[in-house]
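As structure tokens, the structure follows; a few thoughts come after it.
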2 protein chains.
Amino acid sequence: MGRTSTARDRLIDATGELMQRRGYSSLGVAEICAKAEVKKGSFYHFFESKQALTVEAVNAYWNAERSYWTTELTATGPALDRLRRLLDTMAQLQRRTKETSGTVDGCLLGNLALELSTQEPAVQARLEEIFDEQIALVAATLNDAADEGTIPHERATATTARAVVAHLEGLVMFAKLRNDPTVLDDLWPHTLLLLGAAC
Amino acid sequence: MGRTSTARDRLIDATGELMQRRGYSSLGVAEICAKAEVKKGSFYHFFESKQALTVEAVNAYWNAERSYWTTELTATGPALDRLRRLLDTMAQLQRRTKETSGTVDGCLLGNLALELSTQEPAVQARLEEIFDEQIALVAATLNDAADEGTIPHERATATTARAVVAHLEGLVMFAKLRNDPTVLDDLWPHTLLLLGAAC
DNA sequence: CGACCCTAGACGACCGGTCAACTATTTACT
DNA sequence: AGTAAATAGTTGACCGGTCGTCTAGGGTCG
């Protein structure tokens with residue numbers, strides 16, 4: 001069936017890494033191709049447009065991150081411990097990229113949500129789905145916690161789960177703005193308060 | 001003294017409005033000039049660069065918004081009421097632009113924070129100052145609340161204030177992503193939980 | 001009328017995207 | 001096994017348009 005190539009995957013990988021730091025509009029196709037070591041002409045053999053590649057890169061990013069979410073949240077042990085471990089992992093991710101590349105790049109999904117939700121409907125729609133999935137995963141864990149009696153039942157709702165994710169995204173924004181991952185050290189105690197667990 | 005002009009102010013106004021929706025990189029100088037009814041050639045008579053104009057637009061945006069913050073937070077009445085009124089005002093702002101222009105545009109400061117903090121040091125530095133100011137304003141109100149006995153003293157800290165603002169910015173992000181200002185309806189109850197006031 | 005404010009128009013660079021020619025590899029058939 | 005057609009991937013030149021920026025000169029004031 002003709003020859004094979006890893007160029008498509010290389011393009012997706014390069015896009016994920018570059019776009020998390022640089023955003024969508026300021027990142028050119030030429031730069032992506034350079035990092036992926038793919039000639040610009042090949043780009044449009046694999047992708048219809050920069051926008052289409054972005055959706056694929058978002059999917060790849062979430063597929064990787066979702067494995068963290070599901071493994072941490074569906075592990076054994078108390079529900080609140082599982083949630084805490086997930087948030088620790090998210091903080092660890094930012095700490096890691098700071099050590100590796102010198103910058104806190106934040107969350108690709110959040111970055112693109114603010115940059116593109118009024119501009120690129122295809123990306124916006126996918127991001128909305130992904131965040132709904134995140135919220136549903138957290139909400140399920142909150143239900144577990146309520147069953148275990150570690151949080152009040154009235155806190156085990158989708159809106160509370162959304163507040164938890166919103167708080168996470170907001171703090172990640174501050175961490176990126178200040179280029180300082182230690183901002184995320186206060187993530188867990190305040191999440192506990194949101195859940196009414198400290199009462 | 002030659003002639004006078006309001007072009008500079010028109011440029012700043014136009015930038016604030018357009019950039020809140022469209023972000024930095026995807027917004028061209030030509031588009032700003034068109035909206036401000038200023039010829040492109042004039043642009044660089046008034047501003048050194050697009051980046052410099054952005055800083056001015058951010059300042060103008062915050063000067064306007066800061067008046068909301070100070071008037072609501074330093075009004076008379078219980079501290080928690082003042083904080084609730086501020087958050088209501090923020091939600092109202094998003095509701096308003098949705099009705100006016102059809103889109104929830106979010107917060108210019110948050111949008112630019114994620115888009116530019118790794119790219120434009122001058123903008124990043126100013127945004128950091130502004131968010132510090134916001135956090136300080138909230139923290140002062142939390143101190144008042146603690147003195148009034150409506151929240152525990154251990155909640156009246158800068159980190160708690162930061163969590164409140166992070167939660168706000170995160171929810172505004174979701175409101176923008178879903179183009180739905182009702183997301184902000186849950187802002188206050190969850191903020192109360194963050195403050196440990198519901199206990 | 002001189003001094004200063006403002007603007008028209010063009011600059012080179014880069015943008016996302018296109019295309020036709022070409023090479024390498026697989027598959028189907030003998 | 002040999003081969004030729006079909007397929008998949010690669011390449012670099014190139015498009016029209018837009019980017020942020022600047023300079024030379026026109027317009028308007030004291």
Side-chain angles (χ1 to χ4, degrees), chain A residues 1-58 111-112 115-116 118-124 126, chain B residues 1-58 111-112 115-116 118-124 126:
Chain A
M1 290 289 262
R3 55 203 224 186
T4 60
S5 167
T6 62
R8 188 186 150 89
D9 289 336
R10 295 205 309 273
L11 283 167
I12 292 177
D13 289 350
T15 304
E17 291 173 35
L18 289 172
M19 202 169 276
Q20 187 170 0
R21 184 161 350 182
R22 315 247 283 96
Y24 179 86
S25 300
S26 80
L27 177 62
V29 172
E31 193 175 347
I32 296 171
C33 291
K35 168 134 185 166
E37 293 180 340
V38 170
K39 294 291 146 44
K40 185 139 159 237
S42 294
F43 181 97
Y44 288 91
H45 174 69
F46 293 105
F47 298 99
E48 261 193 5
S49 64
K50 179 186 174 187
Q51 185 218 75
L53 167 63
T54 302
V55 173
E56 291 301 309
V58 164
N111 298 351
L112 294 183
E115 186 178 355
L116 297 183
T118 57
Q119 313 230 75
E120 297 282 358
V123 181
Q124 179 275 337
R126 185 67 189 114
Chain B
M1 295 284 258
R3 37 200 214 183
T4 60
S5 166
T6 62
R8 188 187 151 88
D9 289 336
R10 295 206 309 275
L11 282 168
I12 292 177
D13 289 349
T15 302
E17 292 173 34
L18 288 172
M19 202 169 276
Q20 188 171 359
R21 184 160 346 174
R22 315 246 286 93
Y24 179 86
S25 299
S26 79
L27 177 63
V29 172
E31 193 175 347
I32 295 170
C33 291
K35 167 132 185 167
E37 292 180 345
V38 171
K39 295 296 141 63
K40 193 162 164 203
S42 296
F43 183 96
Y44 288 88
H45 173 70
F46 294 106
F47 298 98
E48 261 193 6
S49 63
K50 179 186 173 188
Q51 186 216 75
L53 167 61
T54 302
V55 173
E56 291 302 309
V58 164
N111 298 350
L112 293 183
E115 186 178 355
L116 297 183
T118 56
Q119 314 228 74
E120 297 282 357
V123 181
Q124 179 275 339
R126 184 67 189 115

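Chain A is the first sequence line, chain B the second, and so forth, proteins listed ahead of strands; every chain is numbered from 1.
Distance OH (Y44(B)) to C1' (dC11(C)): 13 Å, rounded to an integer number of Å. The distance from atom CG of L27(A) to atom C1' of dC19(D) is 16 Å, rounded to the nearest whole Å. Residue K40(B) contributes atom NZ, which lies 14 Å from atom C1' of dT23(D) at whole-angstrom precision. Atom NE2 of H45(B) is separated from atom P of dG26(D) by 18 Å (rounded to the nearest Å). R22(B) has its CZ atom 12 Å from the P atom of dT18(D), to the nearest Å. The distance between atom CZ of F43(B) and atom P of dG20(D), rounded to the nearest whole Å, is 8 Å. One can place CG of L11(A) at 12 Å from P of dT11(D), the figure rounded to the nearest angstrom. Distance, F47(B) CZ to dC22(D) C1': 17 Å, rounded to whole Å.
Judged by distance alone with a 3.5 Å cut-off, a donor-acceptor contact links the side chain of R3(A) to the base of dT23(C).
Remark: K50(A) is positioned above the aromatic ring of Y24(A), its terminal NZ or CZ atom under 6.0 angstrom from the ring centre and at most 45 degrees off the axis.
In this structure, a donor-acceptor pair under 3.5 Å is present between the side chains of E115(A) and S25(A). A donor and an acceptor atom, one from each side chain of Q119(B) and S26(A), are located under 3.5 Å apart.
Relative to the side chain of V29(A), the nucleotides dG16(C), dG20(D), dT25(C) differ in distance, and dG16(C) lies closest. Which of dT7(C), dT10(D), dG17(C) sits closest to the side chain of K50(A) comes down to dG17(C).
If you check every strand for non-hydrogen atoms under 4.0 Å, S5(A) touches sugar and phosphate atoms only. G41(A) comes within contact range of at least one nucleobase, with a heavy-atom separation under 4.0 Å. Contact annotation for I32(A): no contact, since no heavy-atom pair falls under 4.0 Å across all strands.
Comparing E48(A) and S26(A) by the nucleotide of DNA chain C whose heavy atom lies nearest to each, the residue mapping closer to the 5' end is S26(A).
Salt-bridge annotation for E37(A) and R10(A): absent, with no side-chain N of the basic residue lying under 4.0 Å from a carboxylate O of the acidic one.
Residue A57(B) comes nearest to G16(B) through the heavy atom pair CB-N, 4.2 Å, listed as atom of the first residue, atom of the second, then distance.
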